[in-house]
Amino acid sequence: MSKKGLLALILLFTFIIAGVAEAVLETGKKTEVAPVDQRDWQVVTPGYGDSPLRDYAFMFDAGGLDGMMGVTGVPSMKIYRTIMCGVDLHNFPWSGSNAGNTNGTPDGKYLYVSDKGADCIVEVNIQTGYVERILANPKPFGIHHTQSMSPNGRYVFSTGELTGRMQKMRLSDGATTVLEIPPAPSSPDYPDASRDGKYVFSGNYYHSAVMVFSQDPFRFIKEIPVGKNPHGTNVEPRNRWVTVCDKLSATASYIDIRELKVHKVIPVAAGPLHNQHDSIGKYHYQSCFVGDSTSKMDMDRQTMVDEFPIHYRVGHSSMAVDNAYYFSLNKYSTGLFNPTGIVYLVNFEMQDIDELSPTYGKTVKLIPIHGEPHEARTIFATTIQRWNTGKGEEMYTKGYYLGDVHVTFDDAKLGKTSKERAWLLPQHFRNAKRYFTVRDDGKPGVTKVGDVYEVRLKNFSYGYVPRFVHVPKGAKVRVILTNLDKAAGLTKNPDVTMGWTVAGYYGGLTSTSGVRGMSAVAEFVADKAGEFEFYCQHFCGPLHLEMRGTFFVDPPGGTASLAVGDYDDMSTLHYQVAEFEQDFVVGGNKLRNTLNEGNEPSLDTPPAS
């Protein structure tokens, strides 16, 4: 090429670049990328920050240790409200059907969130934004998750992580079938139901297997060995595969639903915890705590195709209802925000996963959030009706339409009428005496000081000393919780907070946070006998699930166990609501194992042969 030709080519490129730059300046940048050496993973999107803003979707989250449901706008990521529900909220399905991905196919009426701290299921009316009923698990049960709805919306399936049990509950009245899962130790974790009404799948953490149950009759079928200590277990939208997060193997297992066996195991980033699928069953995402990332898999090819950085230590996750965004519910926010109190902040991180977007794979929103959310679901904002227009009575008595679907609150399937809409507030914190004090370095164990049983409990990554505590029924108890951790390890947090909650009857009285350098104290009367598991309600690291122990309140002249205790009385949950609200509590021991299995189908019409 001649010198003139080369010079002309250089000038041409110069004009092209200058023209593009001028066009961008004239039209305004859609995204502004931060300096590469500082935050090459994040983009700033000014348009999403404008107020007021009409969000096209809402993300509801189970807020974990603060006992509240949260509502966040999508894509603004503005916090709209919180709904007080209980002690330690974990997972939930929408009412409606489980068709689709984890967002299901909601009918716009309710959500059913598991309260691990209170050992119950809380029904929230998403139209009023208040708790409407409490569904009492038979005692003892020790619920962990209730993310699994039957295809016809009549039943939920729950895991009893703390007792090694599984449960099917009818939503109309709280009647249940409860199954024992041998051999011990058994720890059912995340359940999900197949979309065809046939199976329920649940990881069993200590068995390193996925359990398979039939939906009706609700019976155990088999265990399928998977990777080490499985956590998230989810059925993908097309009902072909169950995807499993093999937490300590750093793999994803794909179970073939037709053959009920593992089809393929693929490597992912370290510490996979939870699954999300897009709504069409093309891509599968896993949150990876240790890897500080999200792994993206192509479900047809069953191979990892991408990985996104997360900030920091992702646990749970969520998928936008239109597949445009992926949300990481991150456990730590080290260095990202100002402190707001004695307990560290967590955050929501919204990532663009639209492959045609210029910001694909980037973080477009990062916000501090309440509590420590466990799972979230998204729903189109138009699902929530406008009740402030004077038409509330008409909508409740005659119903309304979501598209071509008629919604009515006179719903026999859920045991409902339109005449009463409860507005319940949890009562079980009102007598709690909890406080912080100077660090206590006394020897761990139980000693009697006057008429008080003083329990010195030390916690660390990952356990408690002592692991077993006995007090007599009627005892005045003072628990002094001290966090012994000196290093944060893999958590990317300089000051890990531990927790302590005695699940069930004592949940609201004992839920305490153990920060380093201080001790936390809970005082209460042990007036109900039984065997109660205690656990850490703060996500403290990769082996957080193993932080457990047992609190025995022994009856006079005996020793408490899962068979010996005041379980019938506690199962009424009379202590969670006011006396005049008892009619809004259903289920409990009186309806345990009263389902007519074999005649409790998960499909209203049999599938075509």
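Here the structure is a predicted model, which means the values were calculated and not measured. Excluded from the calculations below are hydrogen atoms, water molecules and symmetry mates; all remaining heavy atoms, backbone and side chain alike, are included. Throughout, residue positions are numbered sequentially from 1 according to the sequence presented.
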Geometric class of the [Y]/[X] ring pair [parallel <30°, tilted 30-60°, perpendicular >60°]:
X      : Y      : answer
Tyr344 : Tyr332 : tilted
Tyr80  : Phe58  : perpendicular
His144 : Tyr190 : tilted
His277 : His284 : tilted
Tyr254 : Trp241 : perpendicular

(message) Suppose the criterion is salt bridge (charged side-chain N to carboxylate O under 4.0 Å, His left out): which pairs have a residue in residues 246-257, not counting sequence neighbours?
(response) Asp256-Arg258
(request) Using the six-membered ring of Phe201, assess whether NZ or CZ of Arg195 lies under 6.0 Å from its centre and within 45 degrees of the ring axis. (result) no
(message) Would you say Gln276 and Thr102 are linked by a side-chain donor-acceptor pair, where the criterion is simply a distance under 3.5 Å?
(response) yes
(request) State, yes or no, whether a side-chain contact exists between Arg313 and Asp292 at a heavy-atom distance under 4.5 Å. (result) yes
(request) Could you pull out the closest heavy-atom pair between Met299 and Glu236, with the gap in Å? (result) SD-CB, 3.8 Å
Could you tabulate the donor-acceptor pairs under 3.5 Å formed by side-chain atoms of residues 264-274, not counting sequence neighbours?
unit_1, atom_1, unit_2, atom_2, d
Lys264, NZ, Gln302, O, 3.2
His274, ND1, Glu375, OE2, 3.4
His274, NE2, His316, NE2, 3.3

(request) Quick one: list whatever passes salt bridge (charged side-chain N to carboxylate O under 4.0 Å, His left out) with Glu161, sequence neighbours left out. (result) Lys116, Arg548
